[in-house]
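Only one structure is covered here, and it is reproduced in the block below.
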Amino acid sequence: MAKVEFRKEQFRWLFGGMGFHNSEATMTGLMTDEFLNERVLKSFYEISPCFTRIFGGYANWTKEAMDEFANYYNKTFAKADTTIYAVPGRMPLHETHEEMEEHVQKTVKNFEYLIKEKNLRLLRYFCVTNELSVGNEYAMMCNDLEKFKEYHHMLWRDFRKHDLDIGLVATDCSRVQNFHQIDWATKNMDQYTALYCTHLYETNDMAFDDPSFYTYLYNIYKDLVQVAKKREKRFFLGEFGLHNSEFFTSEYMCSDVPAGYGNEKEEEEYALMACVEQLAAMNAGSLGTVYWTFCDYPDPFLNWWGSSREAQIRYDVGRFSGHGTDIRYNKHGMFRWGEDGDYSARPTLYSVGLMAKYFKSNSRVLQFNCDDESVICGGITNPDQSTTLCLINLKPTAEKVALNTAFSIDKPMRAYQYVCGDVPYNEYNDLQGYTMVDPAAEGTYELTMEPHSLVLLTTDYTDRTPSAVKNVSAKGKRIKWDAVSDEEHAYYRVFKDGKQIGSTAATYLEREVDVKAKYTVKSVDKYGNMCK
């Protein structure tokens, strides 16, 4: 039996939350109403991440594209109070100082419009460019950090000049061999820098259940945290995931896909491994973590300019959604965006997505002791004193755990489970349900963890009954109802003769109506409670 103890130290580091790279924020023009309401908005409201990374802050961002982004912001990030870290996909190549100045001035002007005129105050952090990439060659500024510093300084200068409270991030570098840039940045551009950030994508060289993977990552992140701390700054993990090196490129296209892609068993194992990554970063002192990505990109398209509305949308999405929408397949999302209407969940929705829901901003990280290296642990307490604990069993056998909290917990804990080989897939991408866990003795819980599994325990909930949904009607191809006024509301589940037929953020569902059937709609709140 593994023994785990969580405790509150007097001085615990603040955590900023787990979140995603929300690429879809600049891609709404390509979405069907079904995909937007029944998958994207619905899943966002259910998870409500506290921290996000988006592609944005383009010097050539048009007013129309910024307004479209602001519309999505108001539907999502503003409601969840999600702190945003923005970065342009790739910076254009500038050859003269005058071109650099013009680029910076346009960038700052666009932020001023979004923040002061559109009130997008959650745009809190910005980096010069994604992974120091410029033009048509990856990470060109890795070889010219002085130029990166010059851009960085000019942005800092102009943000101050325009009274914009945007902190600059350095260096957004990727690959372990480039992490020395963080040390360089602390010594050469710290006075202009708010946070330090790297990306880490590992290939699946280690076995997914090898506990040394956690130790390897923890030591990397701890070193980076300490480099930033010397300057009294924070470090965060700006992107992470495991790439499948075998599928990363093909003869003609780039394929950004996760480890195990196309193999159901391996994808489910990777989804557990990704949670090990999150806990390693948090326990090492990271401010936050960002998983790549919230949902897939749409399949590649030619973003050529045209006179039709469809062509104009495609052109703008291609310009302001990162880089290479005509060459790159991104299938790294927690749910699919398939051209055939396949919007189903990947296993990461029920592991990474679950953790992002409960590991929140302004929490304090718990310290722990565990006598079994194959049980990976992490936990937080929130300002309201609610607690969330996570345990991962990397063993191929069931494991009994004696869990002790060296502090009082004042109500039963909800337990959510993710098990490789038995993923709780839902046809409509609803997160898994929970069971209740009471202490076996004061502060002690006895758990039996399934092989290769994750258990998340939390008191971050309120037992309540959401408001009832009124005036449900069904006619033709649409079921509709009145919006609930419940402030805790997240989304709706729709039932036909007692069987669920959909989940949506909208107040309607497009389905062929059976006049003989009875349709009901249930409100689900942010705690997972559903009305009677």
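Computed from heavy atoms alone, side chains included, the values below leave out hydrogens, waters and symmetry copies.
More than 12 heavy atoms of other residues, nucleotides or ligands shown are found within 6.0 angstrom of NZ on Lys116. Glu487 CD: 12 or fewer foreign heavy atoms inside a 6.0 Å radius. Heavy atoms of other residues, nucleotides or ligands lying less than 6.0 angstrom from CD of Glu95 number 12 at most.
Aromatic ring pairs are classed by plane angle as parallel below 30°, tilted from 30° to 60° and perpendicular above 60°; the pair His103 and Tyr151 is perpendicular. A tilted orientation is assigned to the rings of Tyr125 and Phe236, their planes being inclined by 30° to 60°. The aromatic rings of Phe6 and Phe368 are tilted relative to each other, their planes meeting at an angle between 30° and 60°.
Distance alone, capped at 3.5 Å, is enough to place a donor-acceptor pair between the Arg414 side chain and the Tyr527 backbone. Distance alone, capped at 3.5 Å, is enough to place a donor-acceptor pair between the Asn283 side chain and the Cys377 backbone. A donor-acceptor pair under 3.5 Å is formed between the side chain of Thr193 and the backbone N or O of Met189. A donor-acceptor distance shorter than 3.5 angstrom exists from the side chain of Asn529 to the backbone of Thr462, with no hydrogens or angles considered. A donor-acceptor pair under 3.5 Å links the side-chain atoms of Asp172 to the main chain of Glu131, judged by distance alone. Distance alone, capped at 3.5 Å, places no donor-acceptor pair between the Thr186 side chain and the Lys230 backbone.
Separation of the Phe126 and Phe111 ring centroids falls under the 6.0 Å cut-off. Annotation: Tyr491 is not in aromatic contact with Tyr45 [ring centroid separation under 6.0 Å not met]. Taking the six-membered ring wherever Trp is involved, the centroid distance between the rings of His332 and His243 falls below 6.0 Å.
Just one residue in the list Tyr291, Tyr221, Trp292 forms a ring pair (Phe, Tyr, Trp, His ring centres under 6.0 Å) with Phe240, and that residue is Tyr291. With respect to Val276, the side chain to side chain contact (heavy atoms under 4.5 Å, CB included) criterion is satisfied by exactly one of Ile392, Leu454, Asp210: Ile392.
Looking at Asp460 and Lys526, no side-chain N of the basic residue comes within less than 4.0 Å of a carboxylate O on the acidic one, giving no salt bridge. Between Asp296 and Arg346 there is a salt bridge, since a side-chain N of the basic residue sits under 4.0 Å from a carboxylate O of the acidic one. Of the charged side-chain nitrogens involved, at least one lies within less than 4.0 Å of a carboxylate oxygen, so that Lys233 and Asp190 count as a salt-bridged pair.
Side-chain atoms of Glu38 and Ser503 form no donor-acceptor pair, as typed in the model, at a separation below 3.5 Å.
In this structure, Leu132 CG and Tyr138 OH are separated by 8.5 Å, a value rounded to the nearest 0.5 Å.
When all heavy atoms are compared, the tightest approach of Phe359 to Gly378 is CZ-O, 4.1 Å.
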